[in-house]
Protein chains: 2
Amino acid sequence: MRLSTSGFNPQPHEGEKRVLNSELWHACAGPLVSLPPVGSRVVYFPQGHSEQVAASTNKEVDAHIPNYPSLHPQLICQLHNVTMHADVETDEVYAQMTLQPLNAQEQKDPYLPAELGVPSRQPTNYFCKTLTASDTSTHGGFSVPRRAAEKVFPPLDYTQQPPAQELMARDLHDNEWKFRHIFRGQPKRHLLTTGWSVFVSAKRLVAGDSVLFIWNDKNQLLLGIRRANRPQTVMPSSVLSSDSMHLGLLAAAAHAAATNSRFTIFYNPRASPSEFVIPLAKYVKAVYHTRVSVGMRFRMLFETEESSVRRYMGTITGICDLDPTRWANSHWRSVKVGWDESTAGERQPRVSLWEIEPLTTFPMYPSPFPLRLKRPWPPGLPSFHGIKNF
Amino acid sequence: MRLSTSGFNPQPHEGEKRVLNSELWHACAGPLVSLPPVGSRVVYFPQGHSEQVAASTNKEVDAHIPNYPSLHPQLICQLHNVTMHADVETDEVYAQMTLQPLNAQEQKDPYLPAELGVPSRQPTNYFCKTLTASDTSTHGGFSVPRRAAEKVFPPLDYTQQPPAQELMARDLHDNEWKFRHIFRGQPKRHLLTTGWSVFVSAKRLVAGDSVLFIWNDKNQLLLGIRRANRPQTVMPSSVLSSDSMHLGLLAAAAHAAATNSRFTIFYNPRASPSEFVIPLAKYVKAVYHTRVSVGMRFRMLFETEESSVRRYMGTITGICDLDPTRWANSHWRSVKVGWDESTAGERQPRVSLWEIEPLTTFPMYPSPFPLRLKRPWPPGLPSFHGIKNF
DNA sequence: ATGTAGGCGCTACGCCGACAA
DNA sequence: TTGTCGGCGTAGCGCCTACAT
C-alpha cells in the first residue's frame, strides 16, 4: 500500500511514481475531501463515476450507450490501494483506488475490529489566498495576508530593518521554490518578492487562482495551488471518445463485479460533483439508520473560497431515482432539495443521503427499528445484522 | 460532414469546434498520414487502436482484461465522419472518425462507382525545420534556411537595405503570429526577429522541435509545429484507468459490431505506431491480391526528420499472428521483417501487409488466381467477387 | 489591512555582425 | 550555407513607497 502520511520520499525509484505529501494533497483537494482508509469497505457508485467522466469530457452520457443490466447501482468493495497523484503539468490532484467487489459471503463477514489504516486529514496550520491582479502581474510580488504570514511562516527577526528572510517551500512534485519574505512598506506588510514571479509563470497562475502555504509539524513549508474554476477547459482526450470512456468505466465495474476481481478507478476531487466511493459504514448509517422524509429540513457542508467550510440549510422536496431507467433503485443523489438562501442558485438540486445532516428533534440512532426508506432492499447488499462500528 | 479542404472557417459557431485548416493539419501530421475519404469503406483494427491507447497511457494491455471473443480482429466499416482536431494546449493533431460496421448484406453490396469525397493531401509549397539551440534561445531569432525562405515566403524587395518585411502566419487554431522577416548579415541570410520569441515561448518550443511554414494557393502563410519525440510524457489520464480505457475501446467496437451502429474513435497520427483505419480496397489488395512469402524482399516508406519520405528495404522473416491468443487470425502486423541497414535498430520488427511494397519480378495483379496466404478466410469478411476499384 | 500605481535601477531580452563549421 | 558568439541598446521586470479603499 502506498498511502503515505509521512512526508517526502527522498529517493523515488526510477519509473516509480513518487509518494506525494498527503497533507499537501489534502489541502489542495479541499477541506471536504476524504479518502477512505486502505483495507476498509466502501460503496462504489458507477453512476457517480460516470458523472465525473461526463464532467471531464464535458459531454452528457449518450442515450445509445448500452445498459449493463447486471451492474448494480452500488457495489460493496474492499479498498485495496489508494495512491495520491498530481498532474505534472497542471498540479491537478487526483486519487487512484483499487477496488475489489465483495461476494455475498464476504459481505456477510463481520467487519474487522479496527479497520486498517487511518485516513490522512487536512493540515491544521496553513492558509489559502486567492491571487489578485497585483499578485500575478509582473509589476511586483505577492502580498501575504498579515495573520496568515504570522501564523504559517517562520517568525521574522523584527530587530532587523527591514525584517526579511528566505523561505523555501516544496510543491507536490517535491520541487523547491525559494522566496524572499520581507516585512516593509507604510503601513507595514508581509511580501514575497524575489522568486515569486518565477513561481507564477512556472505554474501559469492567473488572477483568481489560489495558492496555499502549509507549515507542518516537521517545520517544513509546503506550497500548493488551486486553479479557479475556469469555464470547462474543453479537452477532448484525443485518446478515447467519451462514449467509449463511459463504456469502459461500466465494463470495468461489471467485469470486476462478475468475477470479484480488482479494478482501478481515478477520482478527481475538484472535477467531480460528489465523492462516489463512500465508506460502507457511512452509507449504511445514512441509508438505513436515518429517517428522512419530504419536507424535512437538513444542513449540508460546502467549501468556501477561502478553503474553509460553511453550512447551508435546505428542505427536502422529494426522494426519487435520479435516473430511473439506467440506474433504478439507486441512492445516488436520490434526494431533491431546495436551498434556503437565494444565493444558492449554484448549489445542486439533488444530493445523496450521506451528504446531508437531517435536522431532527428525536435521537436518530442507535435505533432498534429504524424507519427505512420505502424502497426495496437493493440486490447485492448484505444483511446488516452482524454489523458493528456504528 | 466536416472534412474541410477549403481553408479557414471564418465564423466558428459558439461551442462548435472550428474546422481546422486541413493542409496545415496534414503537414503537422506528417507526409505518410492519410485519412480515408468520408463515405468510403474502411477496415478498422481494434488491436491497432489498442496499441495507440497503450502508447498514450504508456502501459501494456493487462492480461486480466477480458477477451471479447465475439469481436473480430478487423471490422469492415463505413466511414461516416472525419474531423481534424488539434489540442489547444499542445497543438498535437488528431482525427476523430465515426465508423459504422457493415452487416453481411451491406458488405456484399458493390462499391459506389466513385467513392464520396477526396482525401485531402499534403501541401506542396512548405518547409519544415528542426529548431536549433540558437533558434530557441532568448538570445536571438530564427534562422531561416535560404532555399526554404525563397520558396515559401513572399519575395522581399532586395532594393531596400536591408530587405525586410512583416510576415503574418496563422496556426491550427487560427491564431495570428507576426514576424519581422529580414535578410541581412555577412554572409547574407534570412532571419525572423521580432515576434519570434513570443511564438517560441507561447508554444513552449525547445531545441529539437520543428516548425513548418506553408504557403498555400490562396497566398496565406500557415504555421505549424511538431514536437520532438520526447521520452513518453507519462500522462496518467486522471480520468480513467488504462485498463478501463482498453475495455472501453473493445466494448465500443463490440457493441457497434453487434448492433451495426456507429461509434467514434480518435486517431493520433504522431502517437500511433501505425494507422488502424485502412481503406478497404487497400486492405483487400494487400491481403488477397499480393503474394508474399518468407524470404521475400520488400520496400517500405518512412518519414525523415525533414518531413520528407525515404524508402528502407528489408526481408520478410516470418508471417504469423502478433497476438495468437487475443487476436487470432489477424493481419495486423503479421509480417516479421528484418531491415537491411544496421541503423535500422529503431525500426519496428513487425509490419502489416498494406504497409510494405513487396519486390517481385512477375506481375502481381490483376491475377486470376492470386496466391493467398495460408490462413483461413476471416469470419465477417465479405466475398470479394463483385468488387471493382482494383 | 491590502490592492494598485508611480518611480526608477538594472537585468536580460533581443538585434547586430563576426567568425567558423 | 547556417550555427553560435561577443557586442550593445533598451524594454520591461521587479523592488520600493505613496495612496486609496
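In the text below, chain A, chain B and the rest are named by the order of the sequence lines, each starting its count at 1.
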Separation of [N] [atom2] from [X] [atom1] (nearest whole Å):
| X | N | atom1 | atom2 | answer |
| --- | --- | --- | --- | --- |
| B:Phe183 | C:dC16 | CZ | C1' | 16 Å |
| A:Phe142 | C:dA1 | CZ | P | 16 Å |
| A:Phe127 | C:dT2 | CZ | P | 10 Å |

TODO: Sort and list the pairs that fulfil side-chain hydrogen bond (donor to acceptor under 3.5 Å, both in side chains) and have at least one residue in residues 193-205 of chain A, not counting sequence neighbours.
DONE: A:Asp91-A:Lys203, A:Asp171-A:Lys203

For [X], give me all partners under side chain to side chain contact (heavy atoms under 4.5 Å, CB included), at least two apart in sequence or on another chain.
| X | value |
| --- | --- |
| A:Arg310 | A:Thr304, A:Tyr312, A:Glu341 |
| A:Ala207 | A:Thr136 |
| B:Pro163 | B:Leu156, B:Tyr158, B:Gln161, B:Phe183 |

Task: Any A:Ser134 side-chain nitrogen or oxygen under 4.0 Å from OP1 or OP2 of C:dG3 - done: no

- [ ] Verify the distance criterion only: is there a donor paired with an acceptor across the side chains of B:Gln52 and B:Asn268 at less than 3.5 Å?
- [x] no

Open item on the list: Test of understanding: with salt bridge (Lys or Arg N to Asp or Glu O under 4.0 Å), list the residues that count as partners of A:Arg299, not counting sequence neighbours.
Closed with: A:Glu357

- [ ] Quick one: label A:Thr138 by what it contacts on the DNA or RNA (base, sugar-phosphate, nothing), any heavy atom closer than 4.0 Å.
- [x] base

Task: Flag if over 12 foreign heavy atoms under 6.0 Å of CD, B:Glu303 - done: yes

Open item on the list: What residues from residues 184-196 of chain B pass a heavy-atom cutoff of under 4.0 Å to DNA chain C?
Closed with: B:Arg184, B:Gly185, B:Gln186, B:Pro187, B:Arg189, B:Thr193, B:Thr194

Open item on the list: Looking at B:Arg227 and B:Ser210, would you say the former's side chain and the latter's main chain have a donor-acceptor pair under 3.5 Å?
Closed with: no

- [ ] Could you list the residues that satisfy ring pair (Phe, Tyr, Trp, His ring centres under 6.0 Å) with B:Tyr126, not counting sequence neighbours?
- [x] none

TODO: Using chain A heavy atoms and a threshold of under 4.0 Å, write down where along DNA chain D the contacts begin and end, 5' to 3'.
DONE: D:dC13 to D:dC19

Task: Axial bend angle, the helix from C:dA1-D:dT21 to C:dA21-D:dT1: five-pair end segments, nearest 10° - done: 40°

Open item on the list: Applying side chain to side chain donor-acceptor pair (under 3.5 Å), can you list everything that pairs with A:Arg146, at least two apart in sequence or on another chain?
Closed with: A:Glu150

Open item on the list: Suppose we screen for side chain to side chain donor-acceptor pair (under 3.5 Å). Which residues come up paired with B:Ser143, at least two apart in sequence or across chains?
Closed with: none

Expected rows: protein N/O vs nucleotides 6-10 of chain C N/O, under 3.5 Å:
| from | atom 1 | to | atom 2 | distance (Å) |
| --- | --- | --- | --- | --- |
| C:dG6 | N7 | A:His139 | NE2 | 3.4 |
| C:dG6 | O6 | A:His139 | NE2 | 2.9 |
| C:dG7 | O6 | A:His139 | NE2 | 3.4 |

Open item on the list: If the test is ring pair (Phe, Tyr, Trp, His ring centres under 6.0 Å), which one of B:Trp177, B:Phe199, B:Phe127 qualifies with B:Phe213?
Closed with: B:Phe127

Open item on the list: Are B:Phe153 and B:His190 an aromatic pair, judged by ring center distance below 6.0 Å?
Closed with: no

